Novice: 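This structure is in structure tokens; I'll ask about it shortly.
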Amino acid sequence: MAAMLEDLRIQRAATSRRAEVDPSRLGFGDHFADHMFSLRYRDGSWGQPEIVPLAPVPLHPGCLALHYGQSVFEGLKAFRGTDGKVRVFRPDRNAERLRESCRRLCIPALPDGVFEAAVEEIVRVDHEWIPTGRGEALYVRPLVFAEDAHLQVRPSSQFRLLIFTSPVTNYYDRAAGAVSLKAQSRFTRAAPGGVGFAKTGGNYAAALFPATESIAEGFDQALWLDGAEHRYVEEVGQMNIFFDFDGRVATPDLRGTILPGVTRDSVLTLLRDRGTAVEERRIGIDEVLERSRDGTLREAFGAGTAAVITPIGRIGFEGKMYDINGGSAGPLGHELYDSLIGIQLGEREDRHGWNRVIVPEKVPAQAAD
Ligand SMILES: *Cc1c(COP(=O)(O)O)cnc(C)c1O
């Protein structure tokens with residue numbers, strides 16, 4: 001057990017639901033593993049950590065998170081390597097981002113090390129749920145939400161951290177090829193000074209209507225432009241975006257309106273490792289469309305934990321369609337996908353120490369309290 005959580009109590013599920021899941025039809029977020037990690041914040045401090053069978057949590061109808069959205073979440077993955085070892089990818093980065101999200105939403109920070117230790121413990125307990133197919137993983141979903149029952153808009157005094165997991169396959173069907181995006185000239189995701197950089201529920205609720213509209217028009221996702229002028233590319237759905245402009249790779253710089261993706265950071269590092277020139281800068285939608293026409297935009301892709309690397313084949317903007325790389329996946333996206341997955345599965349050298357190897361707990365023959 002991680003030293004951080006010496007007082008962790010584990011109550012195992014009497015039986016596992018794992019046999020009910022068809023491993024050939026995992027989907028994304030359709031199934032949940034047997035347990036959840038739970039930690040409450042009361043009277044000014046975080047209390048007793050526990051792992052219990054995953055179950056509905058009772059909430060007061062006045063629960064502040066439900067009304068005013070004081071909640072934040074994270075998303076990361078655990079993998080079963082080709083060598084059989086269990087690895088979690090860069091949990092320290094998620095811990096750091098959760099800290100930033102909490103700060104912006106007036107949620108008390110977790111003590112140092114608790115997030116990583118809690119992720120490690122829940123993966124250890126439910127490690128048998130980690131799927132083994134290429135592109136599959138155990139998605140880990142940490143969530144912190146306000147629990148006070150009150151109707152005034154104010155920071156809660158009570159919170160709950162839950163961490164549970166879901167065996168997943170690729171978010172987008174890789175066989176389906178590149179995705180098409182609708183560049184939004186009407187709706188925006190985030191504004192300067194807002195909460196765009198935080199993984200907080202309200203950002204996703206606000207994106208539902210524009211995303212639904214984009215999908216109804218035949219696109220896969222919305223491409224978000226900046227909130228002030230609708231001129232600069234920000235991100236796509238739940239992914240950061242990259243453009244290969246004739247061998248120089250560009251991604252929008254972080255300026256508070258963009259979610260600082262762990263995959264984004266990993267891709268930048270992998271690109272620098274292979275000697276590619278990378279630029280974090282403002283990228284105008286005009287530049288993207290112009291360069292898709294003159295052929296100097298070689299390819300584009302989204303990057304995120306859920307979708308890994310997702311090729312972008314088409315962008316629609318103000319009634320016109322623009323093809324990228326003939327509408328299909330490009331070689332750089334493929335290469336980065338293989339590099340990332342290779343590192344995560346322990347097949348390629350982990351030069352930057354991204355993987356956290358977890359030694360699975362021996363499951364007791366008899367479920368015990
Ligand atoms: C989570 C998320 C990302 C990707 O972040 P990763 O850490 O790479 O998973 C990008 N954009 C948004 C809006 C997100 O919520």
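Residue numbers start at 1 and run along the sequence shown. It should be emphasised that the depicted structure is a prediction, and the values quoted were computed from it without experimental measurement.
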Novice: Does Arg231 come within less than 4.0 Å of Asp286, counting only side-chain N to carboxylate O?
Specialist: no
Novice: For Val179 and Leu181, run side-chain contact (heavy atoms from CB on, under 4.5 Å): C-alpha distance rounded to whole Å, both residues' side-chain angles, the deciding distance at 0.1 Å, then the answer.
Specialist: CA-CA 7 Å; Val179 298; Leu181 309 177; 4.1 Å; yes
Novice: Establish, from distance only, whether the side-chain atoms of Ser214 and Gln184 form a donor-acceptor pair under 3.5 Å.
Specialist: yes
Novice: Any chance you could lay out the side chain to side chain donor-acceptor pair (under 3.5 Å) test for His127 and Arg80, step after step, and finish with the verdict?
Specialist: CA-CA 9 Å; His127 75 94; Arg80 172 84 59 195; 3.3 Å; yes
Novice: Looking at every non-hydrogen atom in both residues, tell me the closest pair between Thr188 and Asp226 and how far apart they are.
Specialist: CG2-O, 3.7 Å
Novice: To the nearest 0.5 Å, tell me how far Glu147 CD sits from Leu59 CG.
Specialist: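 Going from the CD atom of Glu147 to the CG atom of Leu59 covers 7.0 Å.
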Novice: If Ile, Leu, Val, Met, Phe, Trp and Tyr residues are connected whenever their side-chain heavy atoms lie under 4.5 Å apart, and connections chain through other members, are Val114 and Trp46 in the same group?
Specialist: yes
Novice: Would you say the side-chain atoms of His150 pair up with the backbone N or O of Gln152, donor to acceptor, closer than 3.5 Å?
Specialist: yes
Novice: For Arg42, does the CZ atom sit with more than 12 other heavy atoms under 6.0 Å from it, leaving out its own atoms?
Specialist: yes
Novice: Could you tell me which non-hydrogen atom of Leu98 sits nearest to which non-hydrogen atom of Leu110, and how far apart they are?
Specialist: CD2-CD1, 3.8 Å
Novice: Only pairs under 3.5 Å count here: list side-chain donor-acceptor contacts from residues 299-309, not counting sequence neighbours, and write none if there are none.
Specialist:
from   : atom 1 : to     : atom 2 : distance (Å)
Glu299 : OE1    : Leu332 : N      : 3.4
Glu299 : OE1    : Gly333 : N      : 2.8
Glu299 : OE2    : Leu332 : N      : 2.8

Novice: We want to know whether Arg291 and Thr296 form a side-chain donor-acceptor pair, criterion being a heavy-atom distance below 3.5 angstrom.
Specialist: yes
Novice: Minimum heavy-atom separation for Ser339 to Leu270, with atom names?
Specialist: CB-CD1, 4.0 Å
Novice: Are Glu74 and Arg141 within salt-bridge range, i.e. N to O under 4.0 Å?
Specialist: no
Novice: Just by modelled atom types, is the Arg17 backbone N or O under 3.5 Å from a matching donor or acceptor in the Asp34 side chain?
Specialist: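 Indeed, once roles are kept as given, a pair shorter than 3.5 Å links the two residues.
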Novice: Counting N and O atoms only, with roles assigned by atom type, does the side chain of Ser101 sit under 3.5 Å from a partner on the main chain of Lys199, one being a donor and the other an acceptor?
Specialist: yes
Novice: Within a 6.0 Å radius of atom CZ on Arg281, are there more than 12 heavy atoms belonging to other residues, nucleotides or ligands?
Specialist: yes
Novice: Quick check on the hydrophobic clustering: are Leu5 and Met36 connected, directly or via other members, by side-chain heavy-atom contacts under 4.5 Å?
Specialist: no
Novice: Working note: Glu100 + Arg97, criterion salt bridge (charged side-chain N to carboxylate O under 4.0 Å, His left out); need CA distance, chi angles, decisive distance, verdict.
Specialist: CA-CA 5 Å; Glu100 293 304 311; Arg97 186 169 65 197; over 6 Å; no
Novice: Could you check whether any side-chain N or O of Asn240 sits under 3.5 Å from a backbone N or O of Arg264, counting only pairs where one atom can act as donor and the other as acceptor?
Specialist: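 Flag not set: sc Asn240 to bb Arg264 has no pair under 3.5 Å.
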Novice: Can you tell me if Ser266 and Arg90 form a side-chain donor-acceptor pair at under 3.5 Å?
Specialist: yes
Novice: Tell me yes or no: between the side chains of Gln70 and Ser156, is some donor less than 3.5 Å from an acceptor?
Specialist: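 Absent: no donor and acceptor within the cut-off.
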Novice: When you compare the side chains of Ser157 and Asp148, does any donor N or O come within less than 3.5 Å of an acceptor on the partner?
Specialist: yes
Novice: Mind running side-chain contact (heavy atoms from CB on, under 4.5 Å) on Leu161 and Leu143 for me, showing each step along the way?
Specialist: CA-CA 6 Å; Leu161 162 69; Leu143 167 74; over 6 Å; no
Novice: Which heavy atom of Leu64 sits nearest a heavy atom of Ala146, and at what distance?
Specialist: CB-CB, 3.9 Å
Novice: Under 3.5 Å, side chain of Ser166 to main-chain N/O of His31, donor-acceptor pair present?
Specialist: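 It does hold such a pair.
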Novice: Got a sec: does the CZ of Arg103 have more than 12 other heavy atoms crowding it under 6.0 Å?
Specialist: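 Count not over threshold, so no.
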Novice: Verify salt bridge (charged side-chain N to carboxylate O under 4.0 Å, His left out) between Asp253 and Arg282, making sure each step is shown before the conclusion.
Specialist: CA-CA 6 Å; Asp253 55 342; Arg282 297 215 99 174; 5.1 Å; no
Novice: Do Thr200 and Arg104 have a side chain donor and acceptor closer than 3.5 Å?
Specialist: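 No, Arg104 and Thr200 have no side-chain donor paired with an acceptor closer than 3.5 Å.
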Novice: CZ/Phe79 to CD1/Ile130 distance, rounded to the nearest 0.5 angstrom?
Specialist: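 Reported to 0.5 Å precision, the distance equals 10.0 Å.
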Novice: Between CD1 of Ile241 and CD1 of Ile283, what distance do you get to the nearest 0.5 Å?
Specialist: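 Ile241 CD1 to Ile283 CD1: 8.0 Å, rounded to 0.5 Å.
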Novice: Is there a donor-acceptor pair closer than 3.5 Å between any side-chain N or O of His35 and the backbone N or O of Pro53?
Specialist: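 Checked: no pair found.
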Novice: Within the side chain of Tyr322, is there an N or O that forms a donor-acceptor pair under 3.5 Å with the backbone of Glu290?
Specialist: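 No.
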Novice: Measuring from atom CG of Leu8 to atom CG of Leu39, what distance do you get when rounded to the nearest 0.5 angstrom?
Specialist: 10.0 Å
Novice: Could you measure the distance from the CD atom of Gln158 to the CZ atom of Phe145? Nearest 0.5 Å is fine.
Specialist: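 The distance works out to 11.0 Å.
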Novice: I need the Met321 CE to Asp323 CG distance, nearest 0.5 Å.
Specialist: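 Here the rounded value is 7.0 Å.
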Novice: Decide yes or no on salt bridge (charged side-chain N to carboxylate O under 4.0 Å, His left out) for Arg189 and Glu234, but give the supporting numbers first.
Specialist: CA-CA 9 Å; Arg189 191 190 87 95; Glu234 298 224 307; 5.9 Å; no
Novice: For salt bridge (charged side-chain N to carboxylate O under 4.0 Å, His left out), just list the numbers for Lys182 and Glu213, CA-CA rounded to whole Å, side-chain angles, deciding distance to a tenth of an Å, and then say yes or no.
Specialist: CA-CA 9 Å; Lys182 180 184 176 181; Glu213 193 197 65; 3.4 Å; yes
Novice: For residues Thr212 and Leu208, report the shortest heavy-atom separation together with the two atoms involved.
Specialist: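 Reported closest heavy-atom pair: OG1-O, 2.6 Å.
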Novice: Checking Ser328 side chain against Asn325 main chain: does a donor-acceptor pair fall under 3.5 Å?
Specialist: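 Yes, because the side chain of Ser328 sits within donor-acceptor range (under 3.5 Å) of the backbone of Asn325.
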Novice: Hydrophobic clusters here meaning ILVMFWY residues chained together by side-chain heavy-atom distances under 4.5 Å, can you tell me if Phe32 and Trp129 are in one?
Specialist: no
Novice: Please examine the side chains of Gln344 and Arg87, heavy atoms only from C-beta on, and report whether any two atoms are closer than 4.5 Å.
Specialist: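 Arg87 vs Gln344: side chains apart.
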Novice: Which heavy atom in Ala109 sits nearest to a heavy atom in Arg99, and how many Å separate them?
Specialist: CB-NH1, 3.6 Å
Novice: Checking salt bridge (Lys or Arg N to Asp or Glu O under 4.0 Å) against Glu280, which of Arg248, Arg255, Arg272 comes through?
Specialist: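 Between Glu280 and the candidates, salt bridge (Lys or Arg N to Asp or Glu O under 4.0 Å) is satisfied uniquely by Arg272.
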Novice: Using the test ring-ring contact (aromatic ring centres under 6.0 Å, His included), find all partners of Tyr232 that sit at least two apart in sequence or belong to another chain.
Specialist: none
Novice: Establish whether Phe317 and Leu297 are linked, either directly or via other cluster members, by ILVMFWY side-chain heavy-atom contacts under 4.5 Å.
Specialist: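 Yes; Leu297 is reachable from Phe317 via cluster members.
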Novice: Between Phe28 and Tyr139, is the ring-ring contact (aromatic ring centres under 6.0 Å, His included) condition met? List the steps.
Specialist: CA-CA 9 Å; Phe28 193 97; Tyr139 183 82; 5.1 Å; yes
Novice: Flag yes if more than 12 heavy atoms outside Asp22 fall under 6.0 Å of its CG atom; otherwise flag no.
Specialist: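 Yes - once you tally the heavy atoms of other residues, nucleotides and ligands closer than 6.0 Å, there are more than 12.
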Novice: For the side chain of Asn355 and the backbone of Ile343, is there at least one donor-acceptor N/O pair under 3.5 Å apart?
Specialist: yes
Novice: By ring-ring contact (aromatic ring centres under 6.0 Å, His included), which residues pair with Phe187, not counting sequence neighbours?
Specialist: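 Result, ring-ring contact (aromatic ring centres under 6.0 Å, His included) vs Phe187: Phe209.
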Novice: Quick one: do Ile51 and Val86 end up in the same hydrophobic cluster if we chain Ile, Leu, Val, Met, Phe, Trp and Tyr together by side-chain heavy atoms under 4.5 Å apart?
Specialist: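 Hydrophobic grouping puts Ile51 with Val86.
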Novice: Is the backbone N or O of Val359 less than 3.5 Å from a side-chain atom of Arg124, with the two atoms forming a donor-acceptor pair by type?
Specialist: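 Yes; at least one donor-acceptor contact below 3.5 Å.
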